[in-house]
Amino acid sequence: MKEALENLFTHYLKSFRDYNLQGVCHCYAIPCTLNTPERILLIEDFNACEKEFSAIFEQLKQEKTKDIVVQQSSFMVLSKSLLLVSIDWDFINQFEDVFASFCAFYHIALEMKDKNIQLKIVNVASHQSENSLLLKNEFLIS
């Protein structure tokens, strides 16, 4: 389980750093929901996912994002098919300043395909950093 999560979020982070729309969107189950303090968005198809993340990537480019750093990442098993993940993110600009710092909680669907674990994000909720939680099991994102 831990290794599958590390693979999922390492791919997710690399896709963000590379502005890879398809890479990010393939980490999500479709349909899925994205939640921020300002809104809740239902993503019903792959095109809608690409459109939403294209707008996010545009914001990151405007901020001249140099790096994305994971401060901590942890998870807990909710059921045979559902995990809860908590990740604290820092987005760093060209001047080495943190311009965005927040925690995100991910609900991850787990299914077995050909004896392999497949994980997909079904919901993500972003919150201010002070709402961060360290869950039962830590894992590394490289």
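Values in this document were obtained by computation on a predicted structure and should not be read as measured data.
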*asked:* Tell me if a side-chain donor or acceptor on D97 pairs with a main-chain N or O of F99 at a distance below 3.5 Å.
replied: no
*What's the verdict on salt bridge (charged side-chain N to carboxylate O under 4.0 Å, His left out) for K61 and E63, showing C-alpha distance, side-chain angles and the deciding distance?*
CA-CA 5 Å; K61 289 175 185 175; E63 292 290 340; over 6 Å; no
*Classify the ring geometry between Y28 and F53 as parallel (under 30°), tilted (30 to 60°) or perpendicular (over 60°).*
tilted
*If you take all heavy atoms of A48 and I43, which pair is closest and at what distance?*
O-CD1, 4.0 Å
*asked:* Are L119 and V122 linked, directly or through intermediate hydrophobic residues, by side-chain heavy-atom contacts shorter than 4.5 Å (ILVMFWY only)?
replied: no
*Which distance, rounded to the nearest 0.5 Å, do you find between the CG of L5 and the OH of Y12?*
13.5 Å
*I141 and E6: side chain to side chain contact (heavy atoms under 4.5 Å, CB included), yes or no, with the steps?*
CA-CA 6 Å; I141 301 170; E6 288 173 344; over 6 Å; no
*Inter-residue atom distance L82.CG - N123.CG, 0.5 Å rounding*: 9.5 Å
*How many angstroms lie between atom OG of S132 and atom CG of D88, to the nearest 0.5 angstrom?*
3.0 Å
*Treating Ile, Leu, Val, Met, Phe, Trp and Tyr as nodes and any side-chain heavy-atom pair under 4.5 angstrom as an edge, say whether M76 and I87 lie in one connected cluster.*
no
*How long is the span from the CD1 atom in I40 to the OG1 atom in T33, to the nearest 0.5 Å?*
7.5 Å
*Flag the pair Y19 / T65 as yes when at least one side-chain heavy-atom distance between them is below 4.5 Å, and no otherwise.*
yes
_Donor-acceptor pair, distance only, cut-off 3.5 Å: does the side chain of N20 make one with the backbone of Q22?_
yes
*Just checking, is any N or O donor in the side chain of E138 or S73 under 3.5 Å from an acceptor N or O on the other one?*
no
_Note, L134 side chain near S86 side chain (heavy atom, < 4.5 Å)_ = no
*Is it true that L135 and F102 fall in one hydrophobic cluster, defined by side-chain heavy atoms closer than 4.5 Å?*
no
*So, do L34 and E52 sit near enough that their side-chain heavy atoms are less than 4.5 Å apart?*
yes
*Check: D67 main-chain N/O paired with R17 side-chain donor or acceptor under 3.5 Å*: no
*asked:* Nearest 0.5 angstrom please: N93 CG to K66 NZ, how far?
replied: 9.5 Å
*When you look at E111 and S81, which way does the side chain to side chain contact (heavy atoms under 4.5 Å, CB included) test go after all the steps?*
CA-CA 6 Å; E111 44 182 77; S81 60; over 6 Å; no
*Can you find a side-chain donor-acceptor pair between S101 and S129 that sits under 3.5 Å?*
yes
_Rounded to the nearest 0.5 Å, what separates atom OG in S15 from atom CG in L21?_
9.5 Å
_Min side-chain heavy-atom separation L110-Q118 under 4.5 Å_ = no
*Please tell me if the side chains of L83 and M1 come closer than 4.5 Å, counting only heavy atoms from C-beta onward.*
yes
*asked:* I'd like to check W89 versus L13 (side-chain heavy atoms, cut-off strictly below 4.5 Å). Are they in contact?
replied: yes
*Taking C-beta and beyond as the side chain, do E44 and I30 meet within less than 4.5 Å on heavy atoms?*
no
*Hey, what else clusters with F95 if you join Ile, Leu, Val, Met, Phe, Trp, Tyr whenever side-chain heavy atoms sit under 4.5 Å?*
none
_Neighbour count above 12 (heavy atom, 6.0 Å) for E130 CD_ = yes
*Ring center gap for F9 and Y106 short of 6.0 angstrom*: yes
*Are F139 and L133 connected in a single hydrophobic cluster, I mean Ile/Leu/Val/Met/Phe/Trp/Tyr linked by side-chain heavy atoms less than 4.5 Å apart?*
no
*Just jot down the ring pair (Phe, Tyr, Trp, His ring centres under 6.0 Å) partners of H127, sequence neighbours excluded, or say none.*
F105
_K136 NZ/CZ over F75 ring centroid, <6.0 Å and within 45° of normal_ = no
_Quick check: is I108 connected to L84 through a chain of hydrophobic side chains (ILVMFWY, heavy atoms under 4.5 Å apart)?_
no
*More than 12 non-hydrogen atoms from neighbouring residues, nucleotides or ligands closer than 6.0 Å to NZ on K14, yes or no?*
no
*Closest approach of P37 and S126, non-hydrogen atoms and distance?*
CD-O, 3.5 Å
*Below 4.5 Å, heavy atoms only, C-beta onward: do I56 and F16 meet side chain to side chain?*
yes
*Applying side chain to side chain contact (heavy atoms under 4.5 Å, CB included), run through D18 and F57 and close with a yes or a no.*
CA-CA 10 Å; D18 294 343; F57 286 170; over 6 Å; no
*Under a single-linkage rule joining Ile, Leu, Val, Met, Phe, Trp and Tyr whose side-chain heavy atoms are separated by less than 4.5 Å, which residues share a cluster with V69?*
I92, V98
_What verdict does the side chain to side chain contact (heavy atoms under 4.5 Å, CB included) test give for C27 and H11, after you've listed the backbone C-alpha separation in whole Å, the side-chain angles of each residue and the deciding distance to 0.1 Å?_
CA-CA 8 Å; C27 294; H11 174 77; 3.4 Å; yes
